[in-house]
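Let me begin by presenting the structure, written as structure tokens, before commenting on it.
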Amino acid sequence: MYALVTGASAGIGMEMAKYLGTLGYDLILSARSENRLEQTRRVILGRYPDRSVHLMPADLSRREECFRLYRDASALAGDDGISFVANNAGMGVYGLFLETDLEKELDLIDLNVTSVHILSKLFLRDMVKKGRGVLLNVGSCAGFMAGPTFSSYYASKNYVVRLTEAIHEELRRAGSPVKVSCLCPGPTDTAFNRNSGVAVSGKQISAVQAAKEGVDGALRGKMIVIPGRKMPIIVTASRLMGEHLSTRINYLLQVKKAGPS
Ligand SMILES: NC(=O)c1ccc[n+]([C@@H]2O[C@H](COP(=O)([O-])OP(=O)(O)OC[C@H]3O[C@@H](n4cnc5c(N)ncnc54)[C@H](OP(=O)(O)O)[C@@H]3O)[C@@H](O)[C@H]2O)c1
């Protein structure tokens, strides 16, 4: 029973891989950094020496590497196929839209949107044929709103949330046993914000909590999983206040978060 986790070299993805290991899955770990993937593998094998843990380094902002990952992971899993896919790798680019670097934002769209789209479609087709499997896409609470000063990131996560909700409903209508979920964390204590040029103040949930709630929610077939107690309330409040007010408030909150880039 294989689980594939992208972005498994750090943060939420690393914790998902460890948690899926405790649940009995053999693992395929992907990210760009083979060294850091190797560290994740060592931790998992230290706890569960009987697991198979395979590393498939890939830059998923490149389309051909998404297709290669799909081919190699599917070939490894053989007839059983991949039982659990976590599309977790993601990046952010902080700054005013007119000032942010276009190349970085195109990489963001390729990673956060295109790779999630490609891997969701290819793995889901196989899962539906086999009549089993779980797909967990990692969105964000940012996926329910607009994010002035972090615009492309918020927009990319809106794509992930809406795509996943739509697929979830299509499969539900078709009576498919395949489960499709979107994990939508709020601020989580990983390197993500620092790498994106965002300074986070205030309480964050741990990557362990985000990963565990995400995997558990996906195994139960929940369409949307918002980990923690605070963020479900904030998302509901933002919906109730409407788009204009929520976007204005987000500007005021986000503009204070300029960190060292
Ligand atoms: N932390 C938060 O506050 C937060 C909140 C909501 C949602 N999220 C989402 O949670 C997911 C995981 O983020 P995190 O917080 O765990 O961040 P993180 O600690 O920075 O981890 C990001 C992971 O993605 C991988 N990655 C980055 N660029 C990649 C590329 N081009 N190709 C393949 N892998 C790549 C990184 O590995 P390499 O560098 O080795 O490639 C790393 O394993 C992301 O989708 C993020 O948007 C995070």
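Heads up: numbering here begins at 1 and tracks the sequence. What you see is a predicted model; the values in this text were computed from it and never measured. In each ligand, atom 1 is the first atom listed, and ligand 1 is the first ligand listed.
Counting Ile, Leu, Val, Met, Phe, Trp and Tyr side chains that sit under 4.5 Å apart, directly or through other members, Tyr251 shares a hydrophobic cluster with Leu252, Val255. Under a 4.5 Å side-chain heavy-atom criterion applied to ILVMFWY residues, the cluster that includes Val208 comprises that residue alone. Ile233 forms part of no hydrophobic cluster, judged by ILVMFWY side-chain heavy-atom separations under 4.5 Å.
Between atom CG of residue Asp80 and atom CG of residue Asp126 there is a gap of 12.5 Å, rounded to the nearest 0.5 Å.
Within 4.0 Å of ligand 1, counting heavy atoms only, the contacting residues are Gly7, Ala8, Ser9, Ala10, Gly11, Ile12, Ala31, Arg32, Ser33, Arg36, Ala58, Asp59, Leu60, Ser61, Asn88, Ala89, Gly90, Leu111, Val138, Gly139, Ser140, Tyr153, Lys157, Pro185, Gly186, Pro187, Thr188, Thr190, Ala191, Phe192, Asn193, Asn195.
Judged by distance alone, the side chain of Lys130 and the main-chain N or O of Asp79 form a donor-acceptor pair under 3.5 Å.
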For this session: Walk me through it: do Thr100 and Ser152 pass the test side chain to side chain contact (heavy atoms under 4.5 Å, CB included)?
Result: CA-CA 10 Å; Thr100 41; Ser152 50; 5.9 Å; no
